[in-house]
Amino acid sequence: MEIGKLDRRTCLEIWGDGNCLPPIDTGLLSPDEVIIRLKCKDAFASYAELSAYKLDASVALSLYYEILSFEGGFSLRSAADDAVWRRLSVQVLPDYVAVRWGASADGVLPGDHYWMKPQRVWLKCLWWYCHLSRQGTREETKKVLEFGSTDAIQAVVERPGDGGFRVELCREIMKRLTHAGFSVEMLKRVMKLNTTRVCLVEPAFFSGGIPGYVDSLIGGLSHA
Amino acid sequence: MGFVSILPYIVVGETSDADYGFTIGRLKFFSATRELDATPKDGRYILNDFNPSADPLDVELTFSFRRSHEFFSGDRAIGGREAILGIALFWESRTSARRGTGSPVVFMQDSKMNARCIAVHFESGTLLGDVILRPKVFLVKPSSETDPRFAQIPGSVFGAFGGGILVSVDRSAGSFPISEFRDPAPSAPLWTLHMDWSDPLLDPFTKDHFEIRINAAHRNYDAVRMVPNETQKPAIPVALKEILTTSLFALFTKLKASPDSWGGIVHGDGIPGSIGDLAWTYLNEGGWNTRSIPELLADIRREFDI
């Protein structure tokens with residue numbers, strides 16, 4: 001899958017003061033980028049009635065499983081590259097990002113969700129949110145996301161830590177959202193508790209492996 | 001199962017290498033069955049003839065503990081006589097946004113720990129930028145002995161051996177020119193910067209044109225000193241990071257002062273290995289913003305994690 005890259009300096013020049021969406025020149029898009037736009041058009045057509053987190057969750061699933069899928073040639077390497085997300089957000093799909101993050105009352109677009117703050121770039125957040133929530137099948141992943149919220153996105157995606165995400169650990173924690181008695185509020189507390197405990201214990205080598213480690217985190221909430 | 005907030009047992013640190021007789025034998029990189037050329041340069045391994053988008057990567061580290069029994073008994077014990085310990089390659093990559101561990105080697109008090117091998121595998125298309133690998137010892141199964149020095153929670157990490165092994169999968173085999181000199185004169189500075197080029201789009205990024213020179217006789221030398229080690233990347237002291245930041249800032253300031261060559265640099269016109277090529281790489285891969293002094297300084301500092 002051929003997706004271009006956009007460096008920060010050029011991005012800033014294109015973005016300007018953020019008073020209007022950058023124009024899309026489809027003649028300058030790669031064939032893969034044109035296909036990405038077409039897939040987005042189809043997906044967003046079915047999301048017309050959705051807003052806020054319901055839109056987030058639906059777009060996350062479509063992005064991860066259809067639009068920017070591993071099967072389609074998208075890679076973890078690309079997903080980690082902020083220059084790729086800048087390109088997608090500012091030059092390929094800005095009009096679709098604007099569906100969720102349009103201009104505020106003062107007419108300025110929220111640049112953080114397009115490119116300015118890498119951990120808040122909407123498309124990137126949603127792709128990683130789905131990757132970190134992924135279960136065995138698309139339907140199982142969808143079920144997990146149905147229990148999520150914008151707070152869950154923040155808790156899981158926006159704080160990767162200095163060394164990056166522990167993917168399997170995140171997936172196990174997200175899986176617990178489908179369990180009775182486990183809520184997003186608990187998920188946020190579990191994530192916070194994890195940041196302190198993971199300095200001392202490697203989850204993969206805990207008793208019972210990662211599921212055992214998550215059990216112990218949840219069990220530790222009452223003492224935290 | 002409860003947790004502890006402060007490690008109640010001895011932490012294996014960089015200075016403990018000698019205590020347990022830990023030595024690294026070989027570090028090898030493979031892609032499928034092909035062994036990669038990875039010569040250590042300036043504290044990092046740069047993989048040559050490797051395409052991170054298409055090639056898988058296997059890293060193998062051979063090591064020995066000459067006195068592994070000291071983990072289990074004696075003054076340096078951390079596990080107790082019946083404990084089972086493990087050692088694995090822990091990896092993290094901020095640029096790849098992920099971290100994890102390789103398969104462990106498990107050992108007990110009477111295990112022979114000569115020329116053992118730990119490894120980690122990366123699928124193709126999963127790595128971006130740099131990866132740091134650290135061999136770490138952890139508890140697999142606690143001893144039944146009741147000694148507050150001994151860990152009880154499986155998975156407890158005792159510490160890493162060495163400062164980490166830095167592997168770059170996306171950089172060309174350039175080097176960052178730093179040299180040392182000795183000038184004990186009280187007025188001699190801790191470091192100086194040499195910059196002398198005629199055309200940054202052509203002149204190579206080598207010591208002839210750019211070099212940080214550290215005064216090894218200066219009273220503050222210890223604050224910037226990196227302990228050399230052939231196979232491991234020592235941690236970069238914060239003071240040295242500040243020197244690197246200042247030097248790169250000076251480099252970009254000088255480059256921007258020449259509008260003609262700067263225009264070529266931002267268009268990627270520098271020949272491979274040139275000063276302009278290096279600057280272009282930082283601008284594009286690092287996303288450095290050169291519009292203003294504060295933004296450029298912030299981006300450079302972010303590169304060095306300070």
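All values below were derived from every heavy atom in this structure, side-chain atoms included, with hydrogens, water molecules and symmetry-related copies excluded. Proteins get letters first, then strands, A, B, ... in listed order; numbering begins at 1 in each.
- Of all non-hydrogen atoms in L255(B) and W262(B), the two that sit nearest each other are O-CB, 3.7 Å.
- Across M174(A) and L132(A), no two heavy atoms sit closer than the pair CG-O, 3.9 Å.
- Here the closest heavy-atom approach between residue A152(A) and residue Y129(A) is recorded as CB-OH, 3.8 Å.
- In this structure, the portion of T101(B) lying under 4.5 Å from any heavy atom of chain A is its side chain and not its backbone.
- The parts of S53(B) that come within reach of chain A are both its backbone and its side chain, each placing non-hydrogen atoms under 4.5 angstrom from that chain.
- Under the 30°/60° scheme for interplanar angles, the aromatic rings of F138(B) and F205(A) are found to lie parallel.
- Residue R291(B) touches chain A through its side chain alone, counting heavy-atom pairs closer than 4.5 Å.
- Note on P104(B), A88(B), G86(B), G100(B): by heavy-atom pairs under 4.5 Å with chain A, the leading option is P104(B).
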